[in-house]
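Since the structure is predicted, the reported quantities are computational estimates derived from the model, not experimental observations. Side-chain atoms are counted along with the backbone in the values below, which use heavy atoms only and exclude waters and symmetry mates. One-based numbering, in listed order, for ligands and for the atoms of each.
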Amino acid sequence: MNSSTACPLDCYDACEIEVKNDKLKGIKRAHTQGFLCPNLNHYEDYETIKYPSYKGEEISMQDALLKLEKMLSFTPKDEILHYKGHGNFALMQDVTSHFFASYGATLTDGSLCDGAGEAGIIEGRGSNKNMPISEIAKSDIVIFWGRNPHATSSHLLPLIKDKKIIVIDPVKTDIAKIADLHIQIKAHGDLFLAMLLSRFLYIENSYDEEFVKKYASEYEEYYELTQGVRIRLILEQIDLTLGDIGNILELVHGKKVAIVCGVGIQKYSDGADVMRSIDGFAAMLGLFGKEGCGVAYLGASRDLVNNPFETQAKKVSKVNTRFEDFKTVFIQGANPLSQMPDSLRVKESISKVENVVYFGLYENESSEAADLIIPAKSFLHKDDIRTSYSHNAMMNMHKQSDCEFGISEYDLSKYLCDTFDIELKEELYYINHFKEFSKEDTTGISYVKGRENIPYQDGFDTQTQEFCFLEDIDSKMPDDSKLSLITSKSSRSLNSQFKRDTKVYINSSLGFTDGEFIRISSQNGSVELEVQNNDDVRSDSILIYSGTKGLNNLTSSRHSIEGKSAIYQEDRVTISHV
Ligand SMILES: Nc1nc2c(c(=O)[nH]1)N[C@H]1C(S)=C(S)[C@@H](COP(=O)(O)OP(=O)(O)OC[C@H]3O[C@@H](n4cnc5c(=O)[nH]c(N)nc54)[C@H](O)[C@@H]3O)O[C@H]1N2
Ligand SMILES: Nc1nc2c(c(=O)[nH]1)N[C@H]1C(S)=C(S)[C@@H](COP(=O)(O)OP(=O)(O)OC[C@H]3O[C@@H](n4cnc5c(=O)[nH]c(N)nc54)[C@H](O)[C@@H]3O)O[C@H]1N2
Ligand code: SF4
Ligand SMILES: [Mo]
C-alpha cells in the first residue's frame, strides 16, 4: 500500500499526509511543510459511527442498503432530495450525485460558504482565478482581510514570517497580535474602507497608472463613485481614522502586495459588493498578473478538472431548503441541522420528512434526526483524489487500510446504480479520469494542468478584458442599537466536526461574568451560552465560533443579493442575563 494520502477536509491548506506506524504526519514538502493542524493530529481520537441503524436499532449494512433501496423505490422521484455538504472535500465524493441525478432526484445549489464573495470576484474579473499560496510567499506585504490564518490556513504562517503584515479584522486575532498594523474595523465596514482606500490612491496619485489605463480604464468613474462616500461620517461609523487609511497606504506603496481575504468579509447580503470593492482597491494598485501580487480568496478548486459525475438535475438552494417538500432526504457529508442558517426552521422542516437518511462519519444533530444512519468510511479507508481552493496541487489519496465498518461513497453508489440499472464505471476509471487533468513537476508533485500561478497576465476574463469596478452601492452601516454577530472558525473544529466550541466571547465592558450563561437573541431565535470575557472582541460585537451548538438559531436563511449564499452575519443580536 502507498503510505501517502491527503487531508480530506474542507480547508485552504489541503495538506499531504504520510501514515507512519499508524500515525498521521504532514509530508515535508511544498505547501504542507511537514506539519498538520490540531484537527488532523487528533483525527483518530474522534469516535466514528460504526454500525448502521434504523429508527435507533442497529442493523447490518446489507439491511441498511435494502432499507435505502425501499425508501427510494417507494418515493416519487421528484420527492427525493440529495443534500450534500463538504465534510470530505475529495473528488470521488460526488459519485453519489451521479446516482441521484441519474435516478431523477433533486440536488442542491447555492452556498453556505464563499458564494457571495465569489460572485463579486466574477463580476469584477470575469472569473475566479486565485492567487495560490506559492505566490503569497513571494510578496513583500500581506494584508489578511477577514481571514484568520492561525485557525484556518496555518500552513501560510511559515511563508510570511519575514513579511510586513496588515490585518483588517474586527477581532484581535492571533495574526493581528503579531501584525505591523491591525485595523480593528467595525464588522461589515469593509466596503467603505476599500472604497476610501481607492479614493485616496486616486487623490494622492499613487495608483498604478500604467495598469489601470490598460486593464481598468473606468477608474475615473469609480473614483467618482467613491466620492459619494462621506469621509468623516463613514470613518466614524466604521470606527477608523484618516490615520489608519494613511498607514495602510504608506505600507503598501510600491510594494508587492498579497491581499489574503477570507469568508469573514462576505457573510452579509452585500457580500459580493464587499469583495468587489476589495478587488477594486487591488486593481487600482495594479496587483493582478504580477509575481507576488494579487488577491487570494477561496479559489474554484475544481477549475479545469472535468467532473465525470455531472448529470442534469433539478436543484434547490442549500441555504433555505424546504425539506418538507420531500419524502426522502439523503444527507451526505453535512450536518445541516447545525450548519445551515436558521436552525429552528431547519429542524421543523426536517421533522416533516418521512425518511431522513444520514450518511456520515460522526454522530451529531443531523444523525439524531435521521431515521436511517449509514456510516461512511473515513478517508483512511478508501481511495480518492483531491484539489484545493488555495493552491494548484492535485493529490492522490491512497487508501491506508481496510476497515470493517462503514461503506465508501463509491460502493454505496455502485450498489444503488446496479439496483436501479444506472451505468457506473469502475472506481479506478474515475480516479484515472481525474488524474488526466494533472501534470507532475520535477519534484514529483502533481498540479492541475493549465492552472496559472499568476492569473490575469493578459487582462481579465470580462468581455472587455478589463476590470469592472462597482458601479453603484446600496450598502449602509447598520444602526448601533444592537451587537454584530461574528461567527468564524475555531482552530479545534472543522465547522461541526471534532472539538466543537461551546461559548460566547464578549468584551468585558459589557459587564457579564465568566462562566455565567446569557441569552443571545436575534429576530430568528435565541440560544443560551456560557460567557467568556475576551477583550480581543470589540464591545459592539460578540463572537461565536462555527460549530457551536444552537448558534444558527440566530441566523437567517435569506440569500445574499448576489451569489445565492448564506449570510450568517447579517442579523444583529442582543444579549441578556438568563
Ligand atoms: N480550523 C478550522 N479550519 C477551517 C475551518 C474550520 O471550521 N476550522 N473551516 C473551513 C472552511 S469551511 C472555510 S470556508 C474556511 C474559512 O476560513 P476564514 O476565511 O479564515 O474564515 P472565518 O474564520 O469565517 O473568518 C475569518 C476572519 O474574518 C473576521 N471577520 C468577521 N467579520 C468580519 C468583517 O465584517 N470584516 C472583516 N474585515 N473581518 C471579519 C473574523 O473575525 C475572522 O478572524 O476555513 C476552513 N478551515
Ligand atoms: N454560524 C455559522 N454557520 C456556518 C459557518 C459559519 O462560519 N458560521 N460556516 C459555513 C461554512 S463556510 C460551511 S463550508 C458549512 C459547513 O457545513 P457542513 O458541510 O455541514 O460541515 P461539517 O459541520 O463539517 O459537517 C460535515 C459532516 O461530514 C461528515 N463526513 C466527514 N467525512 C465524510 C466522508 O468521508 N463521507 C461522508 N459521507 N461524510 C463525511 C461528518 O460526519 C460531518 O458531520 O457551514 C456553514 N455554517
Ligand atoms: S484541516 Fe487543513 S491544515 Fe489541517 S491537516 Fe487538513 S488541510 Fe491541513
Ligand atoms: Mo466553508
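Counting the atoms of ligand 1 from 1 in the order shown, those under 4.0 Å from a heavy atom of N148 are 20 (O), 26 (C), 44 (O). Near V171, with a cut-off below 4.0 Å to any heavy atom, the atoms of ligand 1 are 42 (O). Every atom of ligand 1 with a heavy atom of N39 under 4.0 Å away is listed here by number and element: 1 (N). Close approach of ligand 1 to G262 is summarised as follows: ligand atoms under 4.0 Å from at least one heavy atom of the residue are 19 (O). For ligand 1, the atoms lying closer than 4.0 Å to a non-hydrogen atom of H188 are 34 (C), 35 (O). Ligand 1 places these atoms under 4.0 Å from at least one heavy atom of W145: 38 (N). Under a 4.0 Å criterion applied to the non-hydrogen atoms of L494, ligand 1 contributes the atoms 2 (C), 3 (N), 4 (C), 5 (C), 6 (C), 7 (O), 8 (N). Numbered from 1 in the order shown, with element, the atoms of ligand 1 that lie under 4.0 Å from a heavy atom of D190 read 34 (C), 35 (O), 36 (N), 37 (C), 38 (N).
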List the steps, then state whether ring-ring contact (aromatic ring centres under 6.0 Å, His included) holds for F379 with F89.
CA-CA 10 Å; F379 79 108; F89 209 77; over 10 Å; no
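Of the candidates T152, V260, L9, T152 brings a heavy atom nearest to atom 18 (P) of ligand 1. With S153, S488, S493 as candidates, the residue nearest to atom 8 (N) of ligand 1 on a non-hydrogen basis is S493. Considering only non-hydrogen atoms, atom 23 (O) of ligand 1 lies nearest to K489 out of K489, R538, Q497. The option with the heavy atom closest to atom 39 (N) of ligand 1, from among C261, P170, G271, is P170.
Between H188 and Y268, the ring planes are parallel. Angles under 30° get that label, and only those over 60° would be called perpendicular. Between F35 and H155, the ring planes are parallel. Angles under 30° get that label, and only those over 60° would be called perpendicular. The aromatic rings of H391 and H31 lie parallel to each other, their planes meeting at an angle below 30°, with 60° marking the opposite boundary.
Legend: residues meeting side-chain contact (heavy atoms from CB on, under 4.5 Å) with N130, ordered by chain and number and at least two apart, are A296, Y297.
Considering backbone and side-chain N/O atoms, A151 comes within less than 3.5 Å of an N/O atom of ligand 1. Taking any N or O of T173, backbone or side chain, none lies under 3.5 Å from an N or O belonging to ligand 1.
Here the protein heavy atom with the shortest distance to atom 43 (C) of ligand 1 is D169 OD2, 3.4 Å. When hydrogens are left out, the protein atom nearest atom 12 (S) of ligand 1 is N495 ND2, 3.2 Å; that is the closest non-hydrogen contact.
Under the salt bridge (Lys or Arg N to Asp or Glu O under 4.0 Å) rule, E16 has a single partner from R386, K28, K25, R29, which is R29.
By the 4.0 Å N-to-carboxylate-O rule, D571 lies close enough to R558 to be salt-bridged with it.
Within the 3.5 Å criterion, the main-chain N or O of G34 finds no donor-acceptor partner in the side chain of T32.
Around atom 8 (Fe) of ligand 3, the protein atoms of type N, O or S found under 2.8 Å away are C15 SG, listed by chain and number.
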